[in-house]
Amino acid sequence: MTLDIVVAFFLLGVCARLLKSPFSLPESLYKSLTMMLMLAIGLKGGMALAAHASSSILWQSLVVITLGLMLPLIAFVLAFVVGRLGRINAASLAAHYGSVSVGTYAVAVAVLENRQIPYEAYFPLFVVLLEMPAIAVGLWLANASGTSTNRRQVLHEVFFNQGMVLMTGGLLIGAFCADQMTRIAPLFIDLFPAILALFLLEMGMVAADRLRKLKDSISFLVTFAIAMPLIGAALGSVMGYGLGLSSGGVILLAVLGASASYIAVPAAMRAALPQADHGMSITASLGVTFPFNVIVGIPLYIALVEAFFARAS
Amino acid sequence: MRTPTVHTQHQLVFGFTVGSLLILLALLLNILGESGVASLSTGILLIALNVTQYLLANSQAGSLIPVPVQAQGDDK
């Protein structure tokens, strides 16, 4: 088993924090890296969309949205019934786990490209589509108890958060200006793995910090944060296989199902459900699920899907 | 005062199930020729964590028979 070079940067970040090394990336650099990752993913997807646009993508998109609606419901049942977290906290946590993590997706793409496993290049479209449904379901679950929310602010967060604007914008620019992409490719395409490596260095440090904050609820939250990626990956891979995607596509849909949001959803939930324990949700998604997916999950999903495809063919 | 740790039987079973699943996947991966060390160790750690917290929680409560626990949330 070879360690992927971008994952090695994540482990460096974790070790640096555990060893209490006093360095950190400047906040503005981290924000810039996040924005560049989102734009790069959108641009790559837009170029692929321009090259492969077909009616089957519409059908696949509907199935992907269904996945985005199912995952928060499963997460809510686990958090509410087994975890006894209370309706608001369970709904907020469910929204995090129904949505996706662009960072995890970027790692999966880097690993697939490193191993030369082909995948459907228009996947960034699915990343964008999976951002929204979970927030809507999370708010519906929270509102079932009669909690009032600022609908206008929530809708603004759902549709115009940083991830949505940059990835949708990137998709559109990539689709309509695909012939001019060579002009900006050195930054957004060629440097993508290096940008991702720096992003993961910072994420490693943040994840190590978050893990310390789990305290008393540690065993349920850790179990939940590992169970949900396994459930999401199983559901995603079954749907991906049903849609007739390539092995790389099935792996990516499994990774999208397995990932939990730590950028877009926390911002939306903070606006919509200020009374929820946001620290708990982001600690679980960033402190446990993200490292689990990067270190254990992605190699696990790749091995299982490839073994399944090898036996099926 | 520190709040006693809460860990119900359902949560213990949940932890056991997820941990066992990871161990099973690791064994399956070894059969398939891939290393499942990370999956195996995560599974074992998860089971150990759940058992430890269950024992800790119920020794704090003075009994190994779990006490019914109210939701820790907001909708009381």
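These figures come from a predicted structure and were not determined experimentally. All chains are named by letter (A, B, ...) in the order of the sequence lines, taking the proteins before the strands, and each is independently numbered beginning at 1.
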message: For the CZ atom on A/Phe9, are there more than 12 heavy atoms of other groups (residues, nucleotides or ligands in this structure) within a distance under 6.0 Å?
response: no
- prompt: Which heavy atom of A/Ala227 sits nearest a heavy atom of B/Val18, and at what distance?
  reply: CB-CG2, 3.5 Å
query: Can you say whether A/Leu78 sits under 4.5 Å from chain B via the side chain, the backbone, both, or neither, judging by heavy atoms?
result: side chain
field: For chain A, the option from B/Thr52, B/Leu21, B/Val13, B/Leu22 that forms the most heavy-atom pairs under 4.5 Å
entry: B/Leu22
task: Please flag which part of B/Leu46 lies under 4.5 Å from any non-hydrogen atom of chain A: side chain, backbone, both or neither.
output: side chain
field: Residue pair B/Thr42, A/Ile295: steps toward the side chain to side chain contact (heavy atoms under 4.5 Å, CB included) verdict
entry: CA-CA 10 Å; B/Thr42 310; A/Ile295 298 165; over 6 Å; no
- request: Would you indicate whether A/Phe309, at its atom CZ, is surrounded by more than 12 heavy atoms from other residues, nucleotides or ligands within a distance under 6.0 Å?
  value: yes
task: Sequence neighbours left out, what pairs pass side chain to side chain donor-acceptor pair (under 3.5 Å) with at least one residue falling in residues 248-262 of chain A?
output: none
task: Any chance you could measure A/Ser219, atom OG, to B/Leu56, atom CG, to the nearest 0.5 Å?
output: 9.5 Å
task: Kindly say whether A/Phe220 contributes a backbone atom to a donor-acceptor pair with the side chain of B/Gln11 at under 3.5 angstrom?
output: no
- prompt: What residue, out of A/Thr223, A/Val81, A/Val82, has the most heavy-atom pairs lying under 4.5 Å from chain B?
  reply: A/Thr223
